[in-house]
Enquirer: 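Below you'll find the structure I mean.
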Amino acid sequence: METGKAAETLTKELEQLLRNKMGPLFERYGLDIKDLLTPLKWKPVVLIIGNYSSGKSTFINEILGSQIQRTGQAPTDDSFTILAAPEPNEPEGEVPGGTVVNDERLPFAPLRHFGESLLSHMRLKRVTNTPILQDFAIIDTPGMLDSVTEKDRGYDYLGVVGELAKLADLIILMFDPHKAGTIKETYQAIRSTLPGSTGEDRVIYVLNRIDECESVSDLLRSYGTLCWNLSQMTGRKDMPRIYLTFAPQEGKVPPTGFETWMNEREELKQTMSSAPKMRLNHILQEVDRVVRELGLEIEAMAAFQKRFIHKFKGVLRTWGMAAILAFFFGDLVMKLLTGYPNIPLAGALLAGNMSFEHFLWPIVWALLVVALASLYVQRILFPKFTKNTLKDLDNLIPLDTAYKKDLWNRVKHRIHKLIEDQARRQILITHGRYLGKIEHFLNKDLSRFFERI
Ligand SMILES: Nc1nc2c(ncn2[C@@H]2O[C@H](COP(=O)(O)OP(=O)(O)OP(=O)(O)O)[C@@H](O)[C@H]2O)c(=O)[nH]1
Ligand SMILES: [Mg+2]
């Protein structure tokens, strides 16, 4: 595993490669490669989420060695706080949410669409003299609550958690014995938000404040409740490790029998400091996912194009035949109806006496049919074909594996938009060539990076 400087070099090389090889493809299919590159350039991120009052902010203060975050028994934090070391020449202090999401050097632009209400509940704290923040940034979050709706919060809380989870290299999910996994927002986060935003290996479960259990059996009851609730929420039969921790309380000795768990807090901190190492893996997985999504998009566009060409060939056959008939017999029909021209092409052919003027009307008739065919294709056939494709989008390409189905569900809306907005343009692109490029990137270029970590 490469660390420190080597990791930085690797990230830079990957960025260059992405820019050169994937940049033009992203643009062609209406995507912005910046969305992929910006998180790559920023530091590793540890996201701390969990029940209100489970001790998130207390834990953060402990790691930072300073009372940076406010703590308290009632729900205390109502804001997302990004804690990071200042960049060179930047002063210590707070940056408001509005500035944070518009700073191109930071990876928080995707939060912009959650609206003003979120921005006033978000800030970046630049904290100096904390060595650990040199290695990664920490995000403290408002605690998860019961019976709370988006209206109460003023913004889509779980949506924001999901967006931050995508960015995070490590997520610490904190519970406490008082409400071991019974909070509604926690349930929704584990059930729906996290699986779509992160990998299982990036989530660390913590049962905190265990010193408040009266005895070991009391702790076991809380632990059992949490395990049961977690298995309901994750749907997993195998239980992930749950760290059992507590913040040292001045003058208070933990109940007897708790010695076993005295070291877990330190272990948790150790695991947390592995975030920079996990980052390389996370970045490569993320690049792999995004490029595969693009690959599927291109595959869908290729299928869309192929189907249309098939339809178009049918039209070409019918209307081509009509054009030939119009060429040879158009002027003959005209003569029968109007008496003009004197000698139609068929007559001249039979008489073996042809000149340029005999071709004039046949050419006009054939061109007329071609014009009509083109009008038919543009005004009727293509719009109808596009509409029908959109209606039956799920059958555009075979989704033969669960992975492909999952990928499809994530990019379906993009494919819909691409067909809706640029159907004509997509018909003219040589998709096969781009698919080859994607395959080469995944199988050759990216696997070389995977081998290096
Ligand atoms: N006994 C005990 N108390 C703790 C522990 N951790 C935190 N506390 C206390 O629990 C209360 C809540 O802690 P916070 O750190 O504010 O919790 P939080 O998760 O940040 O809460 P919100 O910001 O409201 O979501 C505070 O009064 C802390 O002093 C612990 O391990 N043991
Ligand atoms: Mg807090």
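On a predicted model such as this, the values are computed, not experimentally measured, just so you know. Both ligands and their constituent atoms are indexed starting at 1 by order of listing.
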Enquirer: If we set the cut-off at 4.0 Å for heavy atoms, which region of Glu212 has an atom near ligand 1: side chain, backbone, both, or neither?
Expert: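 Side chain only; the backbone of Glu212 stays clear of ligand 1.
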Enquirer: Side chain or backbone of Gln249 under 4.0 Å from ligand 1, or both, or neither, by non-hydrogen atoms?
Expert: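 Near ligand 1, Gln249 shows its side chain, while the N, CA, C and O stay back.
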Enquirer: How far is atom 17 (O) of ligand 1 from the closest protein heavy atom, and which atom is that?
Expert: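 Going atom by atom, the protein heavy atom closest to atom 17 (O) of ligand 1 ends up being Gly55 N, 3.1 Å.
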Enquirer: Near Gln73, which atoms of ligand 1 are under 4.0 Å from a heavy atom of that residue?
Expert: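 Those atoms are 10 (O), 11 (C), 27 (O).
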Enquirer: Is it true that the NZ or CZ of Lys179 lies under 6.0 Å from the centre of Tyr52's six-membered ring and within 45 degrees of the ring axis?
Expert: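 Yes, a cation-pi geometry holds between Lys179 and Tyr52.
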Enquirer: Does ligand 1 come near enough to Ser54 that some N or O of the ligand is less than 3.5 Å from an N or O of the residue?
Expert: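 Min N/O separation from ligand 1 is below 3.5 Å for Ser54.
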Enquirer: Report the nearest protein non-hydrogen atom to atom 25 (O) of ligand 1: residue, atom name, distance rounded to 0.1 Å.
Expert: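 That would be Lys56 NZ, 2.7 Å.
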Enquirer: Do you see an N/O/S atom of Ser57, backbone or side chain, under 2.8 Å from the Mg ion (ligand 2)?
Expert: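 It does; at least one qualifying atom falls short of 2.8 Å.
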Enquirer: At what distance is the nearest protein heavy atom to atom 31 (O) of ligand 1, and which residue and atom is it?
Expert: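 Closest protein heavy atom to atom 31 (O) of ligand 1: Ala247 N, 2.6 Å.
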Enquirer: Quickly, which of Arg292, Lys404, Lys306 forms a salt bridge (Lys or Arg N to Asp or Glu O under 4.0 Å) with Glu299? Name it, please.
Expert: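 Answer to the salt bridge (Lys or Arg N to Asp or Glu O under 4.0 Å) test with Glu299 among Arg292, Lys404, Lys306: Lys404.
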Enquirer: For atom 14 (P) of ligand 1, grab the closest protein heavy atom and report residue, atom and distance to one decimal in Å.
Expert: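 Ranked first by proximity to atom 14 (P) of ligand 1 is Thr58 OG1, 3.5 Å.
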Enquirer: Phe246 heavy atoms, cut-off 4.0 Å: which ligand 1 atoms fall inside?
Expert: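 Listed by number with element: 31 (O).
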Enquirer: How about His431 and Tyr29: are their ring centroids closer than 6.0 Å?
Expert: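 Centroid separation for His431 and Tyr29: below 6.0 Å.
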Enquirer: Is it the side chain (CB and beyond), the backbone, both or neither of Asp211 that lies under 4.0 Å from ligand 1, heavy atoms counted?
Expert: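 Just the side chain.
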Enquirer: Look at atom 8 (N) of ligand 1 and say which protein heavy atom is nearest, naming residue and atom and giving the distance to 0.1 Å.
Expert: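 Nearest protein contact, heavy atoms only, for atom 8 (N) of ligand 1 is Arg209 NE, 4.0 Å.
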Enquirer: Within ligand 1, which atoms have a heavy atom of Gly143 less than 4.0 Å away?
Expert: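 Atoms satisfying the 4.0 Å criterion: 25 (O).
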Enquirer: Under 6.0 Å from the ring centre and within 45 degrees of the ring axis: does the NZ or CZ of Arg241 meet both conditions for the six-membered ring of Tyr243?
Expert: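 Pair Arg241/Tyr243 counts as cation-pi.
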